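Worksheet: the structure to be examined is printed underneath.
Just so you know, these numbers come straight off a predicted model, no measurement behind them. To find a chain, count down the sequence lines: A is the first, B the second, and so on, and within it residues start at 1.
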There are 2 protein chains.
Amino acid sequence: MARLPVYLRALTTLSEQGTATCSSEHLAAAAGVNSAKLRKDLSYLGSYGTRGVGYDVDYLRYQIAREIGVTQDWPVVIVGIGNLGHALANYSGFRSRGFRVVALLDADPRRHEEVVAGVDVRPFDDLEQIVRDHSVAIGVIATPALAAQDVADRMVGCGITSILNFAPTVLSVPEGVDVRKVDLSIELQILAYHEQRKTHGATT
Amino acid sequence: MARLPVYLRALTTLSEQGTATCSSEHLAAAAGVNSAKLRKDLSYLGSYGTRGVGYDVDYLRYQIAREIGVTQDWPVVIVGIGNLGHALANYSGFRSRGFRVVALLDADPRRHEEVVAGVDVRPFDDLEQIVRDHSVAIGVIATPALAAQDVADRMVGCGITSILNFAPTVLSVPEGVDVRKVDLSIELQILAYHEQRKTHGATT
DNA sequence: CTCGGTTTGTTCTCGCGTTCACAAACTCCT
DNA sequence: AGGAGTTTGTGAACGCGAGAACAAACCGAG
Ligand SMILES: NC(=O)c1ccc[n+]([C@@H]2O[C@H](COP(=O)([O-])OP(=O)(O)OC[C@H]3O[C@@H](n4cnc5c(N)ncnc54)[C@H](O)[C@@H]3O)[C@@H](O)[C@H]2O)c1
Ligand SMILES: NC(=O)c1ccc[n+]([C@@H]2O[C@H](COP(=O)([O-])OP(=O)(O)OC[C@H]3O[C@@H](n4cnc5c(N)ncnc54)[C@H](O)[C@@H]3O)[C@@H](O)[C@H]2O)c1
């Protein structure tokens, strides 16, 4: 389920606050979901709670982390080191959650002199070798929209099976490759849509 | 619906390619959805297609833009001009879609000397005045997680009713305020989850 | 040991979104 | 003008996730 990471973060927060055990009601409130939904999600992993008591925070946290795969170390490559690529490379929240940026790639030779967050920017053509050397399975695309499909094809071609795409394009990839799209303009447009309905008061 | 912006972008692409009219099948492929779903979504706005022919690209594009509210100009404030805030402020895709960044706010006085993308960074305490002067309805939070709830409260307090949150926290806001959350770590964790299932081959 | 209070795990129902399938409507060719 | 082919708009069935409700299990007090 896509909610497990949210639970994981809520549990981490609780653990840092010194909470040793918590009820589904409490955790659900921290995660912003219904308590019945939370219990159903957790029961899908197994019976890690104790009736009448609740869940052991650290134990449940480990179980969810194991289920998601955060106990492993995931090597990641980022392609397109522009505005967004810089921010992503500098983001500490990735490493702390088991994701290790092994390479930053860009097609622009002028970028290749840069070192961002301790990793030097390398030519995009190094992709195949880097993916092979580090067994990379996850790639991040932060290039302009026009280049995104080409980058995705190259990624798929050398064995990457999960792509996080920031470019505003629908990528076509073969079966078995997961793509998640983050489109900030669309997020804003959805907000604007609701905003317009609020003020304009359309009822239809 | 949350898919309208996707259709809008697909239509824009088609228009730039010189396509004057298109079938629901064609547009659905470009948007990555089922054609029946697309037709039902569009019929919700009205009957803008012609049977046996398809949809007039530019006409439909305008109708969707009007429905979403992209024909208007939406003033936006960004709070937290760190790594991510810089990238957002520099992003040209916002302005081209009707969103105008009227202010960049940060609590750190050292940031106040900076000018990012032609807009100078101002103290966070200027929030109320800026929102009032520009009738801002949409706020973007790019601060660390600990500050996010405080920032959201201040935003709500001065009349902002739509928030785009990049901090990894669940914000609690009163009824009537929309919050959309973008959490990149969660996106990666979802990919890792599927990745693990692929390789490890769990069947349960 | 028993009983009341508490909380999980699960079942059942409801509602929504998706998808199929088809009639209505339009174009073009003859 | 008429018919064949094409495409929209929509009614109906399907599937699935969400939420309510309840029984089973656990703890602690007496
Ligand atoms: N900056 C933002 O806040 C933001 C917000 C939303 C979406 N986006 C999207 O993210 C993407 C990147 O945005 P940005 O602001 O960083 O753009 P940018 O122009 O600053 O950076 C793009 C980088 O990609 C590199 N590049 C171009 N073609 C390439 C290729 N074929 N292979 C490898 N690298 C290539 C360029 O050299 C450049 O360094 C864009 O698609 C944009 O629409 C950005
Ligand atoms: N950088 C990324 O790529 C990335 C990716 C995913 C999520 N995030 C999240 O986005 C947020 C920002 O990330 P970042 O890398 O830009 O962090 P950052 O530390 O570079 O920037 C945060 C900025 O917020 C300012 N700030 C702190 N408290 C504030 C307050 N109360 N009011 C106003 N401004 C305040 C700081 O002065 C700083 O300039 C974080 O919550 C982070 O978890 C960032």
For this session: Measure from OH on A:Tyr44 to P on D:dG17 and round the result to the nearest Å.
Result: 11 Å
Seminar exercise, completed: Taken to the nearest whole Å, CG/B:Leu60 to C1'/D:dT8 is 12 Å
Exercise. Is any N or O donor-acceptor pair between the side chain of B:Lys40 and the base of C:dT19 shorter than 3.5 Å?
Worked result: yes
Exercise. Are A:Ser162 and A:Asp178 close enough, and set up right, to give a side-chain hydrogen bond (donor to acceptor under 3.5 Å, both in side chains), and what steps lead you there?
Worked result: CA-CA 5 Å; A:Ser162 291; A:Asp178 281 319; 4.6 Å; no
Exercise. What is the distance from CG of B:Leu38 to C1' of C:dT19, rounded to the nearest Å?
Worked result: 14 Å
Seminar exercise, completed: From CG of A:Leu45 across to P of C:dG9 the rounded distance in Å is 10 Å
For this session: Kindly say if A:Tyr55 contacts the phosphate of C:dG9, meaning a side-chain N or O under 4.0 Å from OP1 or OP2.
Result: yes
Exercise. Is any NZ, NE, NH1 or NH2 atom of the basic residue among A:Lys181 and B:Glu187 found under 4.0 Å from an Asp or Glu carboxylate oxygen of the other?
Worked result: no
Exercise. Would a distance-only check, ignoring hydrogens and angles, find a side-chain to backbone donor-acceptor pair under 3.5 Å from A:Gln72 to A:Gly98?
Worked result: no
Seminar exercise, completed: Among the nucleotides D:dC26, C:dT18, C:dA21, whichever has the atom closest to the side chain of A:Thr50 is D:dC26
Problem set entry | Distance below 4.0 Å between A:Asn34 side-chain N/O and D:dG17 OP1 or OP2 | no
Seminar exercise, completed: Out of C:dA21, D:dA20, C:dG9, minimum distance to the side chain of A:Arg39 belongs to C:dG9
For this session: Let me know the distance between CG of B:Leu4 and P of C:dG17, rounded to the nearest Å.
Result: 13 Å
Seminar exercise, completed: Between CD of B:Glu25 and C1' of D:dG5 the distance, given in whole Å, is 15 Å
Exercise. Between the main-chain N or O of A:Leu8 and the side-chain N or O of A:Thr12, is there a donor-acceptor pair closer than 3.5 Å?
Worked result: yes
For this session: Please say which of B:Tyr55, B:Tyr7, B:Tyr59 ends up in a ring pair (Phe, Tyr, Trp, His ring centres under 6.0 Å) with B:Tyr48.
Result: B:Tyr59
For this session: Please tell me which of the listed nucleotides, D:dT10, C:dG9, D:dA18, lies nearest to the side chain of A:Arg51?
Result: C:dG9
For this session: Consider the side chain of B:Val53, meaning its heavy atoms from C-beta on, and name the nucleotide among C:dT27, D:dG19, C:dT18 that approaches it most closely.
Result: C:dT27
For this session: For the side chain of A:Ser23, starting at C-beta, report the closest nucleotide among C:dT7, D:dG19, C:dC20.
Result: C:dT7
For this session: Using atom CD of A:Gln63 as one end and atom P of C:dT8 as the other, report the distance to the nearest whole Å.
Result: 16 Å
Problem set entry | Interatomic distance where CG belongs to B:Asp41 and P belongs to D:dT8 [whole Å] | 14 Å
